[in-house]
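Here is the structure we will look at.
If you read the sequence from its start, that first residue is 1, and numbering goes on from there.
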Amino acid sequence: MTAVNEARTENSDPTQLTDEEIFNAHLGGKLEVGATASLADPKALSIAYTPGVARVSKAIAEDPSLAARYTWAHRLVAVVSDGTAVLGLGDIGPSASLPVMEGKSALFKTFGGLDSIPLVLNTTDVDEIVETLVRLRPSFGAVNLEDVSAPRCFELERKLIEALDCPVMHDDQHGTAVVSLAALNGANTVLGKSIADQRVVISGAGAAGIAIAKILLAAGAGDITLLDSRGIVRTGRAGLNPVKEEIAAVTNRTNLAGGIDVALRGADVFIGVSSSKVSEDLIASMAPGSIVFALSNPDPEVHPEVAARHAAIVATGRSDFPNQINNVLAFPGIFRGALDAGARRITEGMKLAAADAILAVAKDDLGPDRIVPSALDPRVGPEVAAAVAVAAKADGVA
């Protein structure tokens with residue numbers, strides 16, 4: 001969940017949280033199920049449950065499409081994780097990941113108006129996860145994959161998209177990518193620059209890094225240099241997995257080789273989605289008027305105050321610095337729009353539309369310290385949902 005922080009009140013200080021208030025807030029979990037039907041008298045009970053409910057079940061048995069109208073399934077998002085890449089904690093298992101998935105469900109409800117159910121699975125086998133969700137398909141309308149380790153997450157998402165007739169999105173990939181694109185477009189608007197003229201360096205070639213590279217290429221980025229723990233990802237480098245081989249073929253146009261010192265020299269944009277630290281002198285080696293997105297949480301790749309000595313615009317994934325690049329700006333609206341439109345897939349066009357809608361909310365007061373809206377801006381979810389629904393119809397998946 002790179003760049004995602006759970007919502008907070010405007011007057012709170014996230015750097016001053018005590019164990020007592022954190023654990024007290026999680027007592028008994030963060031979710032509950034509420035009834036929408038009245039059960040106040042015998043007639044109401046007979047309507048909501050037996051015998052009245054039997055008529056609805058019989059109607060659905062005769063026409064399964066009626067389930068979309070008379071159950072909550074078509075509006076329900078399954079938040080699915082195997083606990084292998086949780087926040088900055090790594091592979092901590094399904095039970096330990098559940099508080100995070102509960103938080104994600106709370107965000108869906110608050111910012112997208114969608115119900116969701118956390119499902120943490122006691123398996124890391126891709127085919128077993130796919131089989132499990134295929135069997136559960138009548139119970140939900142969309143799948144939000146969360147905190148699944150790379151490169152397994154790429155295979156899992158692909159297989160689920162093929163197996164399920166509903167929207168599937170790995171938020172660590174695409175939510176991060178959508179908000180990063182919106183933020184880069186916002187920064188470029190402020191600086192009067194074009195993504196087509198920029199060389200972008202992405203540190204981290206996991207789920208988020210590769211998805212960011214792909215969406216920036218789709219948006220017309222001039223060139224992208226991607227790095228993993230062994231240096232620049234490039235065609236012909238030994239030891240690349242199939243996912244990195246694919247991205248190497250469409251990035252690093254000048255065939256740079258080496259480490260981040262080589263990559264950052266003269267670069268226009270740095271996007272960090274790894275735990276690797278970047279020294280001040282490397283930020284200083286970037287092109288004049290550079291843009292730095294240090295998105296690792298809780299410790300950015302470079303401290304924003306240090307980066308600001310050399311970069312024109314700096315953003316992080318944290319809520320206690322300006323320009324928070326937060327996935328909550330994207331995923332609630334993307335899923336809401338997809339479900340509103342009855343979409344069977346989430347397309348590249350829908351993601352690009354979401355990025356444009358995020359930026360549009362902030363367009364009237366953009367500035368060096370405001371390149372995207374606040375994560376708590378109530379306008380974002382509805383605007384993103386509306387744009388995504390239109391794009392779904394245009395892309396023929398609604």
Side-chain angles (χ1 to χ4, degrees), residues 2-3 176-177 179-206 208-217 219-234 247-248 250-297 299-318 321-325 366-372:
T2 305
T176 306
V179 183
S180 296
L181 174 59
L184 182 54
N185 286 340
N188 282 336
T189 300
V190 172
L191 298 176
K193 296 187 176 186
S194 169
I195 193 174
D197 301 324
Q198 292 173 316
R199 184 165 69 84
V200 180
V201 174
I202 302 172
S203 176
I210 288 178
I212 292 170
K214 287 182 176 180
I215 201 169
L216 294 187
L217 287 170
D223 190 18
I224 294 174
T225 306
L226 193 67
L227 296 106
D228 62 11
S229 60
R230 297 177 58 187
I232 295 172
V233 175
R234 60 187 181 89
I247 201 68
V250 293
T251 58
N252 193 26
R253 293 179 181 174
T254 56
N255 201 31
L256 295 175
I260 195 165
D261 55 332
V262 175
L264 278 180
R265 193 176 304 126
D268 301 289
V269 179
F270 169 72
I271 301 176
V273 282
S274 75
S275 58
S276 300
K277 299 303 177 186
V278 178
S279 63
E280 181 176 355
D281 62 315
L282 292 182
I283 298 297
S285 74
M286 295 176 66
S290 62
I291 298 168
V292 172
F293 294 170
L295 303 185
S296 288
N297 269 318
D299 300 314
E301 288 79 0
V302 57
H303 195 283
E305 293 176 358
V306 172
R309 297 170 188 164
H310 310 282
I313 291 180
V314 179
T316 71
R318 292 175 50 149
F321 293 104
N323 294 328
Q324 184 191 17
I325 297 178
L366 287 172
D369 288 340
R370 180 178 164 80
I371 56 174
V372 288

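Summarising the geometry of Ser275 relative to Ser296, their closest heavy-atom pair is N-OG, 3.9 Å, with the distance given to 0.1 Å. Scanning both residues, Thr176 and Ser180, for their nearest heavy atoms gives O-OG, 2.8 Å. Nearest heavy atoms, Val201 versus Ala267: CG2-CB, 3.6 Å.
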Q. Given Val269 and Leu216, is the side chain to side chain contact (heavy atoms under 4.5 Å, CB included) satisfied, shown in steps?
A. CA-CA 12 Å; Val269 179; Leu216 294 187; over 6 Å; no
Q: Please report the C-alpha distance between Asp268 and Val200 in whole Å, then the side-chain angles of each, then the deciding distance to 0.1 Å, and finally whether the side chain to side chain contact (heavy atoms under 4.5 Å, CB included) criterion is met.
A: CA-CA 6 Å; Asp268 301 289; Val200 180; over 6 Å; no
**Q.** Candidate pair Ile371 and Ile313, rule side chain to side chain contact (heavy atoms under 4.5 Å, CB included), full reasoning
**A.** CA-CA 9 Å; Ile371 56 174; Ile313 291 180; 4.1 Å; yes
Q. When you look at Ile291 and Leu191, which way does the side chain to side chain contact (heavy atoms under 4.5 Å, CB included) test go after all the steps?
A. CA-CA 10 Å; Ile291 298 168; Leu191 298 176; 3.8 Å; yes
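Contact of the Met286 side chain with the His310 side chain is not registered, since no non-hydrogen atoms from C-beta on lie closer than 4.5 Å. Taking 4.5 Å as the limit, some side-chain heavy atom of Val278 sits within range of a side-chain heavy atom of Leu264. The shortest side-chain heavy-atom distance between Lys214 and Ile247 falls under the 4.5 Å cut-off. Looking at Asp299 and Lys277, their side chains come closer than 4.5 Å, going by heavy atoms from C-beta outward. Between Val233 and Asn252 the shortest side-chain heavy-atom distance does not fall below 4.5 Å.
Separation of atoms CG (Leu181) and CG (Asn185) is listed at 4.5 Å; rounding is to 0.5 Å. Gln324 contributes atom CD, which lies 10.0 Å from atom CG of Leu295 (distance to the nearest 0.5 angstrom). Remark: Phe270 CZ to Ile260 CD1 distance equals 4.5 Å, nearest 0.5 Å. Summarising the geometry, atom OG1 belonging to Thr316 is positioned 8.0 Å from atom CG belonging to Asn323; distances are rounded to the nearest 0.5 Å. For the atom pair Leu256 CG and Ile232 CD1, the distance stands at 5.0 Å (nearest 0.5 Å). To the nearest 0.5 Å, atom CD1 of residue Ile212 and atom CG of residue Leu184 are 10.0 Å apart.
The backbone N or O of Gly289 lies less than 3.5 Å from a partner atom in the side chain of Lys193, making a donor-acceptor pair. Remark: side-chain polar atoms of Arg318 are not paired, donor with acceptor, to backbone N or O of Pro300 under 3.5 angstrom. A donor-acceptor contact shorter than 3.5 Å is absent between the side chain of Asp228 and the backbone of Gly204. With hydrogens and angles disregarded, no donor-acceptor distance shorter than 3.5 Å links the side chain of Asn255 to the backbone of Arg234.
For Arg265, there are no salt bridge (charged side-chain N to carboxylate O under 4.0 Å, His left out) partners at least two apart in sequence or on another chain. Here Ser279 pairs with Asp281 under the side-chain hydrogen bond (donor to acceptor under 3.5 Å, both in side chains) rule; sequence neighbours left out. The side-chain hydrogen bond (donor to acceptor under 3.5 Å, both in side chains) test applied to Asn188 returns Gln198, not counting sequence neighbours. When the side-chain hydrogen bond (donor to acceptor under 3.5 Å, both in side chains) test is applied to Ser203, the partners found at least two apart in sequence or on another chain are Ser274. Partners of Arg199 under the side-chain hydrogen bond (donor to acceptor under 3.5 Å, both in side chains) rule, at least two apart in sequence or in another chain, are Thr225. Legend: residues meeting salt bridge (charged side-chain N to carboxylate O under 4.0 Å, His left out) with Asp223, ordered by chain and number and at least two apart, are absent.
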